[in-house]
Every structure is written in structure tokens, then in C-alpha cells.
Amino acid sequence: AKNTDLEKRITADMQKIFVDLFMGPNLEKLAGPDAAGLYDEFSELIPQGEEGHKISERLAGRLLDTELLDKAAALLRRLLNGGLQGIDAYRVAVKLAAIELLDGQSVSALGTLGKAQEILATLPEELRTPERSRELVLLRARAFSEERRPDQALELLRALPLMPDVNRLRADIAWHAGYWDDAAQALGDVIMDEDMVLTRPLPPEHAALLLQRAVAL
């Protein structure tokens with residue numbers, strides 16, 4: 001019995017050290033591969049439930065910071081398929097889709113976004129906000145563009161109000177597709193968003209925008 005009590009105390013102490021590492025500031029001091037290795041080696045110390053989910057998400061963020069996109073995606077995919085539900089599942093699905101897009105996995109991203117849409121439809125009405133629907137449209141448009149389906153991407157964006165991030169995405173998609181009329185119009189909207197002042201020297205990014213629109217025209 002004494003040995004059993006001692007083992008329980010040791011395990012509890014080890015779990016506390018593990019949680020403190022992955023939930024505290026020291027995680028930022030670990031290289032991405034080292035953090036992933038510790039997580040895998042001591043996976044039995046991961047708490048159950050919400051705390052364990054937070055640890056997995058935080059590690060995924062660290063892996064993303066160190067450009068280990070495939071490992072970050074695999075971790076979030078495991079978390080999403082492990083019974084996560086509700087708004088947490090939606091948030092993880094959106095984050096996973098964004099990482100898949102960064103990693104050039106646009107087909108996987110479209111599948112993940114479909115899952116995110118299904119999760120969103122099950123949430124209470126107050127959580128099914130226009131902002132969440134909008135973020136799915138933006139990510140889906142980006143994925144369609146990466147899949148060389150610019151017509152579908154631009155059609156999705158036409159349903160959204162003209163806002164700076166929408167205009168920039170429209171311009172980027174049209175430019176890369178060689179749709180010069182659409183690109184010129186979208187770049188014109190981007191320029192208006194920037195509220196340029198032509199009575200003083202332009203910063204390089206504004207000059208580049210004007211030149212890009214001139215090329216499109």
C-alpha cells in the first residue's frame with residue numbers, strides 16, 4: 001500500500017510538472033521537435049478533458065510558430081477526431097483548415113471546412129454568428145483558389161460585404177487567375193480601403209498597390 005501511495009504521489013508530481021511545462025511560459029523556450037517529443041513520450045501524463053485539450057492546442061500553436069505545420073495539423077486532427085464537441089470543436093476545425101492551407105493541403109482544408117460547417121450548424125443560435133459564417137467563406141475561397149478554381153472562389157466572395165480583407169482576397173485570387181478586369185476592380189477597392197494621401201510621399205506598399213492596379217488595367 002505504501003508503494004502504491006508513493007507511486008500515486010510521484011505520478012501526480014510528474015503530471016503537475018508536465019502540465020506546468022505545456023501551459024506555462026517555458027513551452028516557448030523549447031524547440032518545436034523537443035516539445036513534440038516530450039508530448040509523445042509522456043502522453044500518459046496528459047490530463048483528461050478540457051485541460052488535456054488545451055495542452056494539445058497550445059502545443060499545436062508552438063509547432064505552428066516553429067513552422068512544423070504537418071505536426072501541428074496532425075495534433076489538431078487527432079484532437080478533433082477524439083470526441084471534441086461544440087464550439088471547441090468548431091474552433092479547432094477552423095484552426096486546422098487554416099494550417100492545412102498554409103501547408104499546401106487545400107483538398108484536406110476543404111474537407112475540414114465542411115466538417116466545421118457541420119459543427120457550426122449544430123451550435124446554439126447565438127453561436128452561429130455572421131462572423132463565423134464569414135470566416136468559413138474566406139477560408140473556403142482561399143482553398144478553391146489554391147485548387148485552381150478561381151470562379152468558385154470569387155463567386156463565394158461576391159456574397160460577402162466589401163470589406164478590406166475580402167477586397168484583398170478578391171484581388172489576390174483574380175490576379176493569380178489572370179482575371180485582369182476583376183483584379184483591377186478589386187485592387188481599386190483595396191486602394192480606397194487604404195485611404196491614401198497623395199499630397200505626401202507614398203510608402204512602398206502603397207506605391208506597389210498603385211503599380212499593380214496599373215498593370216491589371
Side-chain angles (χ1 to χ4, degrees), residues 28 57-58 60-67 69 72-73 76 87-88 90-110 112-114 116-117 119-121 123 125-217:
E28 305 303 321
E57 274 197 77
R58 196 152 189 273
R62 179 63 185 145
L63 295 174
L64 180 60
D65 290 342
T66 54
E67 299 185 1
L69 301 181
L76 291 180
I87 191 63
D88 290 333
Y90 173 80
R91 187 186 67 255
V92 168
V94 170
K95 190 179 296 185
L96 172 59
I99 291 173
E100 288 170 334
L101 279 174
L102 285 172
D103 200 29
Q105 306 295 323
S106 49
V107 173
S108 295
L110 284 169
T112 302
L113 289 168
Q117 185 68 60
I119 295 168
L120 184 62
L123 296 180
E125 185 176 355
E126 64 271 16
L127 295 178
R128 298 197 303 271
T129 62
E131 291 75 20
R132 291 198 170 102
S133 296
R134 184 174 175 278
E135 72 179 345
L136 291 182
V137 170
L138 290 173
L139 286 168
R140 189 172 281 117
R142 175 63 72 184
F144 278 138
S145 176
E146 295 294 330
E147 280 295 292
R148 299 182 182 180
R149 295 156 68 181
D151 293 328
Q152 287 173 274
L154 292 171
E155 186 63 31
L156 282 174
L157 295 179
R158 287 189 189 101
L160 295 180
L162 295 183
M163 298 177 66
D165 56 350
V166 175
N167 293 336
R168 281 194 172 273
L169 185 53
R170 285 171 49 228
D172 184 59
I173 291 171
W175 177 272
H176 285 97
Y179 293 174
W180 306 119
D181 287 345
D182 290 331
Q185 181 179 352
L187 285 165
D189 292 333
V190 172
I191 289 168
M192 292 298 292
D193 293 333
E194 291 294 318
D195 195 22
M196 297 181 186
V197 178
L198 300 182
T199 57
R200 61 174 180 257
L202 291 172
E205 61 271 19
H206 285 175
L209 269 176
L210 291 170
L211 180 60
Q212 189 178 13
R213 185 165 194 255
V215 171
L217 288 168

Taking C-beta and beyond as the side chain, do L138 and L160 meet within less than 4.5 Å on heavy atoms?
yes
Rounding to 0.5 Å, atoms CG (L169) and CG (L156) come to a distance of 10.0 Å
Heavy-atom neighbours of R158 CZ exceed 12 at 6.0 Å
yes
Within a radius of less than 6.0 Å around CD of E126, do more than 12 heavy atoms belonging to other residues, nucleotides or ligands occur?
yes
Donor-acceptor pairs under 3.5 Å, side chain of residues 196-214 to any protein atom, not counting sequence neighbours: which ones?
| unit_1 | atom_1 | unit_2 | atom_2 | d |
| --- | --- | --- | --- | --- |
| H206 | NE2 | E194 | OE1 | 2.9 |
| R213 | NE | A184 | O | 2.8 |

Sorted by chain and residue number, the side-chain contact (heavy atoms from CB on, under 4.5 Å) partners of D151 (sequence neighbours excluded) come out as Y179
Here the gap from I119 atom CD1 to D88 atom CG, rounded to the nearest 0.5 Å, amounts to 10.5 Å
In short, L101 meets A143 closest at the heavy-atom pair CD2-CA, 3.6 Å
Would you call L187 and W175 a side-chain contact if the rule is heavy atoms closer than 4.5 Å?
-> yes
Could you give me the CA-CA distance, side-chain angles and deciding distance for I173 and L157, then say whether side chain to side chain contact (heavy atoms under 4.5 Å, CB included) is met?
CA-CA 10 Å; I173 291 171; L157 295 179; 3.9 Å; yes
Distance col, row L102:CG vs R142:CZ, nearest 0.5 angstrom, shows 10.0 Å
Q. Do the side chains of R140 and Q117 get nearer than 4.5 Å, heavy atoms only?
A. yes
Taking every heavy atom of L123 against every heavy atom of Y90, the minimum-distance pair comes out as CD1-CB, 4.4 Å
Tightest non-hydrogen contact, residues V92 and L76, listed as CG1-O, 3.8 Å
Between the CG atom in L113 and the CZ atom in F144, the distance rounded to the nearest 0.5 Å is 9.0 Å
Q) With distance as the sole criterion, is a donor-acceptor pair present between the side chains of S106 and E147 under 3.5 Å? A) yes
Salt-bridge criterion met for D189 and R170 (N-O under 4.0 Å): yes
In terms of heavy-atom contacts, S145 and A153 come closest through N-CB, 4.0 Å
Take atom CD in E67; do more than 12 heavy atoms of anything else shown fall under 6.0 Å from it?
-> no
- Message: Can you confirm whether L120 sits close enough to S133 that some side-chain heavy atom of one is under 4.5 Å from a side-chain heavy atom of the other?
- Response: yes
SB check R168 D193 (cutoff 4.0 Å): no
- Task: Taking the side chain as every heavy atom from C-beta outward, state whether L110 and E100 have any pair of such atoms under 4.5 Å apart.
- Result: no
Fill in: Polar side-chain atom of T112 near backbone of S108 as donor-acceptor pair, under 3.5 Å
yes
Of all heavy-atom pairs linking L96 and A73, the shortest is CD1-O, 3.5 Å
With sequence neighbours left out, the residues meeting side-chain contact (heavy atoms from CB on, under 4.5 Å) with T129 are E131, R132
